[in-house]
Amino acid sequence: MLGCTLLDELPHRQMRDGDDIVVEIDMRDDLRGPAGSLHGGIVAMLIDCAGASCVAAAGERSVATLQTSVEYLAAARVGPIRAVASLLRASKAFGVAEVKVFDVGKDHRLVAAAHVTVSYLEGKGFDRKVE
């Protein structure tokens, strides 16, 4: 699950790769921006979903994104587009993940690099297991 009905309708896969969380989306024409590459907002959504899921899984708690810092490095044109999130730090209150986004169909070209900082939410709301 990507987090809401609109995003969940996108053709995607979410999985584990060791300790990393991977979110992958198929390239579709309706996701392309004016220049023909994947819209930057979709890249940011992948980063947020992968990073937040990574920290949430590490702490087995629900999270809310506090900050995202993204460096767009290249256009994503072929797909699938893969966001790989690695945990950098998790404490009682917050966590940080590093996320790298690749255009798998373009020789795993690095599309973006980011950091996602999230706050852990109170309570037991975490129920998203990533396989």
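Excluded from the calculations below are hydrogen atoms, water molecules and symmetry mates; all remaining heavy atoms, backbone and side chain alike, are included. In this text, all values refer to a predicted model and were calculated from it rather than measured experimentally.
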Visitor: Do Val96 and Ile47 share a hydrophobic cluster, counting only Ile, Leu, Val, Met, Phe, Trp and Tyr and linking them when any side-chain heavy atoms are less than 4.5 Å apart?
Guide: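 No, because Val96 and Ile47 fall into different hydrophobic clusters, even though each may have its own neighbours under 4.5 Å.
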
Visitor: For residues Leu87 and Leu46: do they belong to one hydrophobic cluster (side chain heavy atoms under 4.5 Å, members Ile, Leu, Val, Met, Phe, Trp, Tyr)?
Guide: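 Yes, it is one cluster - the side chains of Leu87 and Leu46 are joined through contacts under 4.5 Å.
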
Visitor: Would you say Asp19 has more than 12 foreign heavy atoms packed within less than 6.0 Å of its CG?
Guide: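 12 or below, so no.
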
Visitor: Counting only N and O atoms by type, is there a donor-acceptor contact under 3.5 Å from the side chain of Tyr120 to the main-chain atoms of Val55?
Guide: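 Yes: the side chain of Tyr120 pairs with the backbone of Val55.
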
Visitor: Leu31 and Ile25: side chain to side chain contact (heavy atoms under 4.5 Å, CB included), yes or no, with the steps?
Guide: CA-CA 10 Å; Leu31 302 178; Ile25 190 168; 4.0 Å; yes

Visitor: Nearest 0.5 angstrom please: Asp30 CG to His39 NE2, how far?
Guide: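 Taking CG in Asp30 and NE2 in His39, the distance rounds to 12.0 Å.
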
Visitor: For the SG atom of Cys49 and the CD atom of Gln14, what is their distance to the nearest 0.5 Å?
Guide: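 Cys49 atom SG to Gln14 atom CD measures 7.5 Å (nearest 0.5 Å).
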
Visitor: Test your reading of the model: is there a side-chain donor-acceptor pair from Arg61 to the backbone of Lys92, 3.5 Å cut-off?
Guide: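 Judged by distance alone, yes, a pair lies under 3.5 Å.
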
Visitor: To the closest 0.5 Å, what do you measure between CG (Asp20) and NZ (Lys100)?
Guide: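 Interatomic distance, Asp20 CG to Lys100 NZ, rounded to 0.5 Å: 10.0 Å.
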
Visitor: Indicate yes or no: at least one non-hydrogen side-chain atom of Val118 is less than 4.5 angstrom from one of Leu66.
Guide: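 Side-chain contact under 4.5 Å: no.
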
Visitor: How long is the straight-line distance from CD1 of Ile42 back to CZ of Arg32, given to the nearest 0.5 Å?
Guide: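 Arg32 CZ to Ile42 CD1: 12.5 Å, rounded to 0.5 Å.
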
Visitor: Which atom pair, heavy atoms only, marks the closest approach of Val116 to Ala52?
Guide: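 Taking every non-hydrogen atom into account, CG1-N, 4.2 Å.
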
Visitor: If you apply the rule side chain to side chain contact (heavy atoms under 4.5 Å, CB included), what do you find for Asp26 with Arg13, and how did you get there?
Guide: CA-CA 9 Å; Asp26 295 326; Arg13 292 160 295 288; 2.7 Å; yes

Visitor: Answer with yes or no whether the hydrophobic clustering places Leu88 together with Phe94; edges join I, L, V, M, F, W, Y residues whose side-chain heavy atoms lie under 4.5 Å apart.
Guide: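 Leu88 clusters together with Phe94.
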
Visitor: Side chains of residues 67-80: which donor-acceptor pairs under 3.5 Å do they make with residues two or more places apart or in other chains?
Guide:
{"residue": "Tyr72", "atom": "OH", "partner": "Gly40", "partner atom": "O", "Å": "3.1"}
{"residue": "Arg77", "atom": "NH1", "partner": "Ala35", "partner atom": "O", "Å": "3.1"}

Visitor: Spell out, yes or no, whether Met27 and Leu10 are grouped together once hydrophobic residues are joined by side-chain heavy atoms under 4.5 Å, including indirect joins.
Guide: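 Yes.
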
Visitor: What verdict does the side chain to side chain contact (heavy atoms under 4.5 Å, CB included) test give for Ile21 and Arg16, after you've listed the backbone C-alpha separation in whole Å, the side-chain angles of each residue and the deciding distance to 0.1 Å?
Guide: CA-CA 5 Å; Ile21 297 292; Arg16 281 193 177 275; 4.0 Å; yes

